[in-house]
Number of protein chains: 2
Amino acid sequence: MDERRTDLQLDTLDGWKRTHTCAQLRATDVDQEVCLMGWVQYRRDHGGIIFIDLRDRTGLTQIKFSPEEHPEIHEKAGHLRTEFVLAVKGTVLARPDDMINPNMATGEIEVLVSAFKLLNTSKTPPFLIEDRVDVSENLRLKYRYLDLRRPRLAKNLVLRHKTAQSVRRYLDDLGFIETETPILTRSTPEGARDFLVPSRVNQGSFYALPQSPQLFKQLLMVGGLERYYQIVKCFRDEDLRADRQPEFTQIDIEMSFVEEEDVMTMAEGMMQTVFRDTLGIEIPTTFERMTYDQAMETYGVDKPDLRFGLPLKDVTSIVRGSGFRLFAKAELVKALKVEGGSVLSRKEIDDYTDFVRIYGAQGLAWIKIKEDTWQSPIAKFLSDEERAGLTKTLGLKPGDIVFFQAGAPDMVNAALGNLRLKLGERFDLIDKDAYRFVWITDFPMLEWNADEKRWTAMHHPFTCPQEGHLEYLKTDPGKARAKAYDMVLNGNEIGGGSIRIHSTELQQEVLAALGIGEQEAEDKFGFLLHAMEYGAPPHGGIAFGLDRLIMLLGDVDSIRDVIAFPKTQKATCLLTDAPNAVDRNQLRELGLRLRETSKSE
Amino acid sequence: MDERRTDLQLDTLDGWKRTHTCAQLRATDVDQEVCLMGWVQYRRDHGGIIFIDLRDRTGLTQIKFSPEEHPEIHEKAGHLRTEFVLAVKGTVLARPDDMINPNMATGEIEVLVSAFKLLNTSKTPPFLIEDRVDVSENLRLKYRYLDLRRPRLAKNLVLRHKTAQSVRRYLDDLGFIETETPILTRSTPEGARDFLVPSRVNQGSFYALPQSPQLFKQLLMVGGLERYYQIVKCFRDEDLRADRQPEFTQIDIEMSFVEEEDVMTMAEGMMQTVFRDTLGIEIPTTFERMTYDQAMETYGVDKPDLRFGLPLKDVTSIVRGSGFRLFAKAELVKALKVEGGSVLSRKEIDDYTDFVRIYGAQGLAWIKIKEDTWQSPIAKFLSDEERAGLTKTLGLKPGDIVFFQAGAPDMVNAALGNLRLKLGERFDLIDKDAYRFVWITDFPMLEWNADEKRWTAMHHPFTCPQEGHLEYLKTDPGKARAKAYDMVLNGNEIGGGSIRIHSTELQQEVLAALGIGEQEAEDKFGFLLHAMEYGAPPHGGIAFGLDRLIMLLGDVDSIRDVIAFPKTQKATCLLTDAPNAVDRNQLRELGLRLRETSKSE
């Protein structure tokens, strides 16, 4: 079955032109002479007639080969099999009433073939070309060209195209200039790991692939371009997670003579345009806003999913003197109540306990509120006063469950904030059709890096502090807030940006606060610091992750399903077998040799 | 002078919004209150009043600070210098009649400033921000952000954007889907040298940056996308010439179910759209065509500049038995006549003789036709019969000059074909405003590689031979013609493409003719060969060099002037100092070490 027919003579197109796509013909087209081209999706033989569903990028049309009317064509059609490639000419016929297929756009008609060309044969594909395939992803990736024929994947590529098109038209109309920045650029060890490209002409030197065009887009603002954008590949050599790819695509935007409001208004308009153009959906003209502190307080994360409630509550003061030692001495104690949540089984609670350990939690305290009692391992430690305080603050009613987390604020927020998402799914609280946008604002300038025991930039070192917050960088670094903003959709950060520093003096002070000395700054991004001295305008921008945006627009779970040729989690391409070993001479030309440990294979 | 004013307090925008650009205001706007933002281009103090030409991306507006009406503002304006950044509010005034500047779009008006914000100061730039700068290109590249402020460079970036936009809109409307292909891909040592990217996760393996998305776009056709395009970065690690960059941009297009005519018609429409959208010029709806053989015969090159004549003539048969031994025994003798060309000096002819040596010529024979004699070092060797034959064939008249080249056809054509271009310039025969398009068709499948002593693919091994020409690959390889086409504009190849092979059997035969064995084929592009077995449709495409196209549209001489951040001929970036040395740990992580010779610095 897997052998390909090589005995069949292939035809050439020889001037034949398509007249219609396979999704186009309707009852109104009956009696027309048409020419279709595509692949054999299904073949059925019925009453001596051969029926084929012919598939192209757009859809399916039923064509038929009749032994009476065109016997020689019918005979040749007998060789046709799944995924053979055809060009057919024929007449559009109305289907008999009982043969009309209302689930098919072209279900009212069929095409009686009067002539056809066999353009190619095919092996039997290793999986069916239809949406419900049940094969391993690795097989799909190896035969990516077949996987791409499936309507769902093809639809994602079209959606991606339409989204990029919508973004470009919106930005073009606002006077933005798409400008290409270099892919072969300079390594600046900051943030994630760079991919390096050895230089042959300058042996011993390396280019780096950009993690983002951040420095170049700022240079373009210094260069007076005023409104820049680019839909551009970026690269990070990180250990891959399920939703990461070593190369990813960013919608990168920068504007001069603007403040936060200007960038945010522009970005809201862009999202409205994209949702209208791709999904036909009207979203709000201005998005809700929430400060970083509010988000952490109420949702425990800086990208809250607002499609459902379940707010976290700070109960530290209520349990400050508790008999439960863990609560009594904790810096922060927060509670998460689920109405009707006492239906959770012990097994489920145990699973949640394991889950929060990912975020550094030691365990997970809980109380089920019963009609007459609190069922809980910790209830016995709580005083009447504490019970009353919790009941009042949390509005507890019989049937509820409350989860607690106590300890360092980062851990408490991360554990309960992520547990909240699990519980939202578990209790089906999430409106899957809703698109809830929110801006998160007033981000901290710095975050404490516990490993390196120093403050590091939360966004990047070019982010502008809020007015009057420069002082905090010296006196109380954690208090300094930045002119930074993230756009969050349904709990996903889809874009983020900031107003940048455009004054050399301010930039130097911020770098000093980050512990980046003058020499280090000069080595890493001296060219930007020098550029600022020549009349840099006020500027700011934002960048969106295109892959993630397509996933949300297309309701796609895997990032690999929105990319034409994705890599595996091991950063390999199963189709082309990249990366691969290279010729020794290629390395010699680059002045490189493999370390012994790399030659093991 | 070069010190930056750090004593001046910078203002924030604080809600100010631009109302107009600096190219926008006209006499009809007089009395309006406006807000402009930009850079100080010039400052003149005249009669106590400070005049400043304020510049933004779009143009200039004269603003003035009057000591009578706004004394405190006038005083603050006294600090302003070239390239300081301002936001100004003021009233539009009509200029006095004798102050109207007809060379300036906003020359009828000026803005009397009533309030302004100093957004940034600037060092004195190392060169003036105007089109006529006379500084070394290296200085311009180091201060690229200042160079980009010059109107001419900014205009090139805008032209580049408009061209890409025009291309995209044209292709979008025809149902093409822009699809991103990988940048981290597989090294296939074929054609030019690959840039390599060492893999950290798979130590000892390497990705390659794509020289073009050729294989991926063919896989997308196998994948049923039918109409693909991408404006995409490509990479070649070649020794750079003046007009090359290690990364360049391609408009890459592929279509299924098409023949040559379909691709060419689509491409003609694209060019018409681009020329209309960017230059407002209507070009022919169908382009002239010329076979490869015709082009070589008449112009000596496969990208003829048709803006002028000066055809080459084959005179081999006329001089076959000549007394001039070099002519008598040569495989090919060609002549190039220039009417009125006998005005050329001996010095000029000597320069041309040096010039043709680049193409392997030993010398350059010439004859000046005088009223009564032929002035020439070789005239004495020519018989009366030869003279009569040349006079008739070349239509010689007094005042003409004829150049000859004799020897191997490749050398003869290259030498005279390129000399023709020089002579076209010298005699001012080229209409600089003309856009002469021509398709070159019927390219040979193979060309003889004298170094490797074997036939190699002229385009690439996936190019489809013309019907019936497969046989020639075995019997007379040089005779086989391909379904390939180049678009040539004014002597520049701006695009090229072909119909691809879509049959596994045909592909195997072509690979065999190229001397690529089964194992080698499997190793290099097995994934494409396998893909073809699963119902590859007939397909073909074309790719255009965007950088070159912008150069032609914008009448720009240097490729570095159409790229925002170009590299030098040594493949370095003078702005960021890329490529650079990297940390030893970065190399260790990649399993690499430098060879001793690379560590010399």
Side-chain angles (χ1 to χ4, degrees), chain A residues 4 13 37 39 57 83 85 119-120 122-123 145 148-149 157 161 177-179 182-187 195 197 199-207 219 222-224 226 233 237 247 257 259 503 527 531 533-538 564-565 571 575-576 578-580 582 591-595 598, chain B residues 4 10 13 37 39 57 83 85 119-120 122-123 145 148-149 157 161 177-179 182-187 195 197 199-207 219 222-224 226 233 237 247 257 259 527 531 533-538 564-565 571 575-576 578-580 582 591-595 598:
Chain A
R4 190 166 47 87
L13 277 172
M37 301 188 189
W39 287 260
R57 191 180 82 189
E83 299 309 316
V85 189
L119 301 173
N120 214 345
S122 174
K123 281 186 170 179
Y145 43 89
L148 288 172
R149 286 187 197 163
L157 293 190
H161 169 64
I177 308 292
E178 186 163 24
T179 306
I183 298 290
L184 294 172
T185 179
R186 180 191 164 89
S187 178
F195 280 106
V197 183
S199 167
R200 181 180 54 85
V201 181
N202 309 280
Q203 276 195 6
S205 292
F206 294 78
Y207 303 98
L219 289 167
V222 180
E226 299 191 30
K233 280 278 177 70
D237 186 12
E247 60 183 287
F257 302 111
E259 298 175 294
S503 139
F527 56 98
E533 299 196 283
Y534 288 95
F565 299 102
L575 170 60
T576 62
N580 59 347
V582 299
L592 291 176
R593 63 171 91 237
L594 298 183
R595 299 179 78 89
S598 304
Chain B
R4 189 167 46 89
L10 299 189
L13 277 173
M37 301 187 190
W39 287 261
R57 190 180 82 189
E83 298 309 316
V85 189
L119 300 173
N120 214 344
S122 174
K123 281 185 170 179
Y145 42 89
L148 288 172
R149 287 187 196 163
L157 293 190
H161 168 63
I177 307 293
E178 186 165 22
T179 306
I183 299 288
L184 294 172
T185 178
R186 180 191 163 90
S187 179
F195 281 105
V197 182
S199 167
R200 181 180 54 84
V201 181
N202 309 281
Q203 277 197 5
S205 292
F206 294 79
Y207 304 98
L219 288 167
V222 180
E226 299 192 28
K233 281 277 177 72
D237 186 12
E247 59 183 288
F257 302 111
E259 298 174 296
F527 55 99
E533 298 195 287
Y534 289 94
F565 299 102
L575 169 62
T576 62
N580 59 347
V582 299
L592 291 176
R593 64 171 89 236
L594 298 183
R595 299 180 79 90
S598 304

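Because the structure is predicted, anything quoted here is derived from the model rather than measured. Letters go in sequence order (proteins before strands), and every chain restarts at 1. The basis for the numbers below is simple: all heavy atoms, side chains too, and nothing from hydrogens, waters or symmetry mates.
Comparing A:V582, A:L219, A:V85, A:I183 by heavy-atom pairs within less than 4.5 Å of chain B, the highest count is held by A:I183. Between chain B and the options A:A564, A:A536, A:A571, the largest number of non-hydrogen pairs under 4.5 Å is found for A:A536. Taking chain A as the reference chain and counting heavy-atom pairs below 4.5 Å, the highest number among B:S199, B:P538, B:A531 is found for B:A531. If you tally non-hydrogen atom pairs under 4.5 Å between each of B:L119, B:T185, B:N120, B:N580 and chain A, the highest count goes to B:N580. Across B:L10, B:L157, B:L575, B:L184, the residue that shares the most heavy-atom pairs under 4.5 angstrom with chain A is B:L184.
Put simply, the side chain of B:Y145 does not reach to within 4.5 Å of the side chain of A:F527, judged on heavy atoms. No side-chain heavy atom of A:R593 sits less than 4.5 Å from a side-chain heavy atom of B:L594. Between A:F565 and A:T576, the closest side-chain pair of non-hydrogen atoms is not below 4.5 Å. The closest side-chain heavy-atom distance from A:P537 to B:W39 is below 4.5 Å.
At a 4.5 Å heavy-atom cutoff, the contact between A:T179 and chain B is made by side-chain atoms alone. Looking at A:V197, the atoms closer than 4.5 Å to chain B (heavy atoms on both sides) sit in the backbone and in the side chain alike. Both the backbone and the side chain of A:P182 come within contact range of chain B, each with at least one heavy atom under 4.5 Å from a heavy atom of that chain. Only the side chain of B:V201 comes within less than 4.5 Å of a heavy atom of chain A; its backbone N, CA, C and O stay farther away.
Side-chain atoms of A:H161 never come within 3.5 Å of backbone atoms of B:I177 as a donor-acceptor pair (strictly under, hydrogens ignored).
Ionic pairing of B:E83 and B:R149 is present here: one or more N-O contacts between side-chain nitrogen and carboxylate oxygen are shorter than 4.0 angstrom. A salt bridge is absent between B:R57 and A:E226; no separation between the charged side-chain nitrogens and carboxylate oxygens falls under 4.0 Å.
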